[in-house]
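Small disclaimer: the values here were computed from a predicted structure and weren't measured. Here, residue 1 is the first one in the sequence, and each next residue gets the next number.
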Amino acid sequence: MSDHNQDPNYDATHKSQLEGVDTSNKNLQNIGVELLSVHTDGTVHAKRMSGRFRTIKWIVAALWLSFFIGPYLQWDGRQAILFDLVNRQFHIFGLTILPQDIWVLAMMLLFAALALAATTAVAGRLWCGYACFQTVWMDVFTWLEEKFEGSPKKRERLEEQPWNWEKLRKKLPKWAAWSVIGFMTGFSFVAYFDPALDLWARLFSFEWTTTETVIILGLSAATVFFAGFLREQVCIGFCPYARIQGAMIDTETVVPTYDVDRGEPRGRMRRPKPGEEAPELGDCIDCNLCVAVCPTGVDIRKGQQFGCITCGLCIDACDSVMEKIKKPKGLIRYASLAEFAGKPFKPFYKRPRVLVYSSIMSLAAIAMIWGLMTMSPIDVKVLHERAPLFVQMSDGSIQNKYYAKVVNKSDRLLEAKITVDGPESMVYIVDEQINVVPGTVGTATLLVRIPKEDIEQTNTPIDIKVQDLNNPQVYETYESMFISP
């Protein structure tokens, strides 16, 4: 265990955790805030047990593990989710996003980032505890480890014994299973950028490119190393977001917290000897089950700690013990420091930080929804010829020249027809049909003429319409100007 009294950063961390709360309150003084009090002697072998928070973790893990299924989903004859960097197209089911619409993806990322910040301000490191890929993969890897090597005690003894055939016999199958998951992780990631079925076919014919090979094998090795070997040390010593979250949590944030007043003084349950007065003990029986189930080895009874990822497994453990000894649940529960200090609960909508995050999230969501709803399969830009701006023909009419650029944002060949609306006497010359390959830009030259006597102003509005011949309901209209003397 590390000693916070020897850490020069402890005082600053302690003060930041208690900022804005009356520290004279004895309840708050008893809580304690430690910078780091986790198991550091080798790998943490956490005990697994059922409970509501463990169930939530598995549900979220199941959603995350659908990552392996995504590349094989098909939509309208192609891979449903495909980020085609070569052709600069992002296919997400029926939606195709081109570089012109990349701002929609930016809004999605902004919304996700602010959602992460908002949940952290409200309930701590929920991302770390439930949805982080490191947490999910580590859960799967340690579950497999338990199947191959047994309970935490057996695994600890196996770690301590010298290398021999018996130890290797137990380790090799586990490493093989980890390697399969690691390979599938790297392969699945690349399959979102290269069609999955084609990637499999080229695997067996040894036709992967150097880039594909390096990325897949590199991610495979990284997955096994971080989720299988480093485990909780990634959350404690390597992950930069863990540090960022420390600044995003305040005294109103609800996190797994030990009720000191109710639990202390802790002690083992035993019957007093004849003539011995029974000691006055709190509800905590010092079983250490809350520590045994923690994936990072934190002792939550020592207060808020840097190593806690707020997964709630200690709550499951403590509640199960309270049930057995006929005590109320909630000795360890989600609560805020302000609550233990006797402060009234402040609703989320009254907390400035949450309001700021939520407001930006709302703006990003509105922009994202508007962009998706107004996104058209085609995009049209019309450039007016600048040298010269107009030409007077031999019959006296004025002619303007335009270049219509049509972007095909769908996954089918676009057969586009261009028409022009303007004064009744106007005539135009353009190709009857232009074919635009998916994800590319087609250009058509457009000549527009208006008799000089019918021109009433220098700039005459005209509308250039591009329509899909195969689907007449899909069209774009570009407002331009006809320039005359």
Ring pair (Phe, Tyr, Trp, His ring centres under 6.0 Å) evaluation trace for Phe68 with Trp137: CA-CA 12 Å; Phe68 294 110; Trp137 263 244; 5.7 Å; yes

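With a 6.0 Å radius and a threshold of 12 heavy atoms from other residues, nucleotides or ligands, Lys174 has its NZ atom above the threshold. For Arg262, the CZ atom counts as densely surrounded, since its 6.0 Å shell holds more than 12 non-hydrogen atoms of other residues, nucleotides or ligands. When the shell of 6.0 Å around NZ of Lys167 is examined, it contains more than 12 heavy atoms from other residues, nucleotides or ligands.
With no hydrogens or angles considered, a side-chain donor-acceptor pair links Arg48 and Thr142 at under 3.5 Å. Side-chain N/O atoms of Tyr130 and Thr119 include no donor and acceptor closer than 3.5 Å.
Checked against a 6.0 Å centroid threshold, the rings of Phe189 and Phe193 count as neighbours.
In this structure, Trp200 and Phe187 have tilted ring planes: the angle between them lies in the 30° to 60° band.
By the 4.0 Å N-to-carboxylate-O rule, Asp379 lies close enough to Lys381 to be salt-bridged with it. Between Arg54 and Asp316 there is no salt bridge, since none of the side-chain N atoms of the basic residue sits less than 4.0 Å from a carboxylate O of the acidic one.
Of all heavy-atom pairs spanning Ala317 and Val293, the tightest one is CB-CG2, 3.8 Å. Across Gly129 and Thr135, no two heavy atoms sit closer than the pair O-CG2, 3.6 Å.
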